[in-house]
Amino acid sequence: MLHNIFDYPFLFVLSLLFLLQPILQQGLHLITKFEEEIMLEMSRLAKKNLPSVIAALETNSPTATPFSLAVLIFEFLNENSGFMKAVLGPKGDLTFQTRLKDFMWKTLFGNDPNALIKEENLLVPGQYLASYISSAHIGVIQQWLNSGRKESPQEMAQILSTITVNGPFFAAGLKKQILR
């Protein structure tokens with residue numbers, strides 16, 4: 001007696017997955033390729049604009065205008081918001097988030113003489129500082145994406161600059177401005 005494959009849901013799903021495997025692999029390949037393109041573009045933006053970030057830190061009021069790099073990154077995220085929301089969302093790609101944190105580590109502490117943070121100047125271990133900064137930045141980006149991007153990229157750059165430069169206690173109104 002022959003049985004219909006639909007009589008065995010597990011076999012049906014298994015057969016379906018087997019048939020769809022090439023399509024799923026191609027889809028995953030495309031997602032990975034787009035993630036790499038996102039990382040390359042953010043790296044390009046960072047390398048091009050890092051000198052202006054360093055210059056802004058050396059002024060008397062570094063949060064008076066949002067960092068140009070932060071504005072560019074938020075504009076880029078805004079243009080790619082659908083994809084970014086998917087990969088950074090609750091069911092997103094954790095490997096992408098890890099790669100994003102690695103990108104931030106390299107941008108902050110890279111071997112480049114123009115690195116934003118010099119390891120010899122650190123007051124806390126670098127790996128903890130990098131983890132704190134990257135997790136905080138990704139969290140702010142996730143909140144912005146998941147709440148519908150109500151603020152403009154310029155407003156988000158100002159928010160993130162204020163928190164990053166002066167710290168969360170200052171941003172919460174608990175402490176006076178730290179820098180100059």
Side-chain angles (χ1 to χ4, degrees), residues 27-28 30-50 52-54 56-57 59 61-110 115-117 122-179:
L28 289 174
L30 290 174
I31 290 170
T32 301
K33 186 174 181 195
F34 196 62
E35 287 176 351
E36 289 169 3
E37 288 177 20
I38 294 278
M39 298 302 292
L40 284 172
E41 180 61 17
M42 287 199 300
S43 178
R44 187 190 68 76
L45 289 171
K47 287 177 184 174
K48 181 179 176 187
N49 293 281
L50 207 50
S52 68
V53 171
I54 293 168
L57 282 171
T59 66
S61 56
T63 59
T65 58
F67 291 142
S68 59
L69 176 57
V71 172
L72 292 171
I73 294 288
F74 275 103
E75 287 174 345
F76 179 74
L77 295 171
N78 194 42
E79 291 168 10
N80 296 284
S81 62
F83 181 78
M84 295 305 296
K85 186 175 179 183
V87 295
L88 292 177
K91 295 182 182 180
D93 182 357
L94 291 178
T95 59
F96 178 73
Q97 292 181 32
T98 300
R99 289 189 5 233
L100 191 56
K101 286 180 180 184
D102 290 342
F103 160 75
M104 291 176 150
W105 168 263
K106 288 175 187 163
T107 301
L108 294 172
F109 298 100
L116 184 60
I117 298 173
L122 294 177
L123 302 177
V124 297
Q127 69 272 24
Y128 295 112
L129 179 61
S131 180
Y132 176 84
I133 292 170
S134 61
S135 294
H137 281 66
I138 290 172
V140 168
I141 291 166
Q142 288 171 321
Q143 178 62 37
W144 180 61
L145 291 169
N146 291 331
S147 64
R149 298 175 292 126
K150 294 179 182 98
E151 297 83 3
S152 70
Q154 292 75 17
E155 290 171 304
M156 288 308 301
Q158 182 66 51
I159 291 167
L160 196 56
S161 296
T162 299
I163 296 169
T164 301
V165 172
N166 293 296
F169 290 131
F170 172 79
L174 299 174
K175 192 172 186 177
K176 298 289 181 201
Q177 187 171 359
I178 297 168
L179 296 176

Side-chain contact test, heavy atoms from C-beta onward, threshold under 4.5 Å: evaluate it for [X] versus [Y] and give yes or no.
X: Leu45; Y: Lys48; result: no
X: Phe34; Y: Val87; result: no
X: Leu145; Y: Ser81; result: yes
X: Leu129; Y: Ile117; result: yes
X: Met104; Y: Ile133; result: no
X: Thr164; Y: His137; result: yes
X: Phe74; Y: Glu155; result: no
X: Val124; Y: Tyr132; result: no

Tell me if a side-chain donor or acceptor on [X] pairs with a main-chain N or O of [Y] at a distance below 3.5 Å.
X: Thr162; Y: Gln158; result: yes
X: Ser161; Y: Ala157; result: yes
X: Gln142; Y: Leu88; result: yes

Would you give the length of the straight line joining atom [atom1] of [X] to atom [atom2] of [Y], rounded to the nearest 0.5 angstrom?
X: Asp93; Y: Thr32; atom1: CG; atom2: OG1; result: 7.0 Å
X: Ile141; Y: Leu160; atom1: CD1; atom2: CG; result: 7.0 Å
X: Ile73; Y: Leu69; atom1: CD1; atom2: CG; result: 5.0 Å
X: Lys150; Y: Met156; atom1: NZ; atom2: CE; result: 11.5 Å
X: Phe103; Y: Leu40; atom1: CZ; atom2: CG; result: 10.0 Å
X: Asn78; Y: Gln154; atom1: CG; atom2: CD; result: 9.0 Å

Can Ser131 and Lys101 be counted as having a side-chain donor-acceptor contact under 3.5 angstrom?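 No.
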
Nearest heavy-atom neighbours spanning Phe96 and Met84: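 Nearest pair, atom of Phe96 first, then Met84: CE2-CE, 3.8 Å.
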
Please find the pair of heavy atoms, one from Trp105 and one from Gly126, that lie closest to each other, and give the distance.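 Result for this residue pair: CZ3-O, 3.4 Å.
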
Would you call Lys33 and Glu36 a salt bridge, taking side-chain N to carboxylate O under 4.0 Å as the test?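 No, Lys33 and Glu36 are not salt-bridged.
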
Step by step, would you call Leu72 with Glu75 a side chain to side chain contact (heavy atoms under 4.5 Å, CB included)? CA-CA 5 Å; Leu72 292 171; Glu75 287 174 345; 3.8 Å; yes

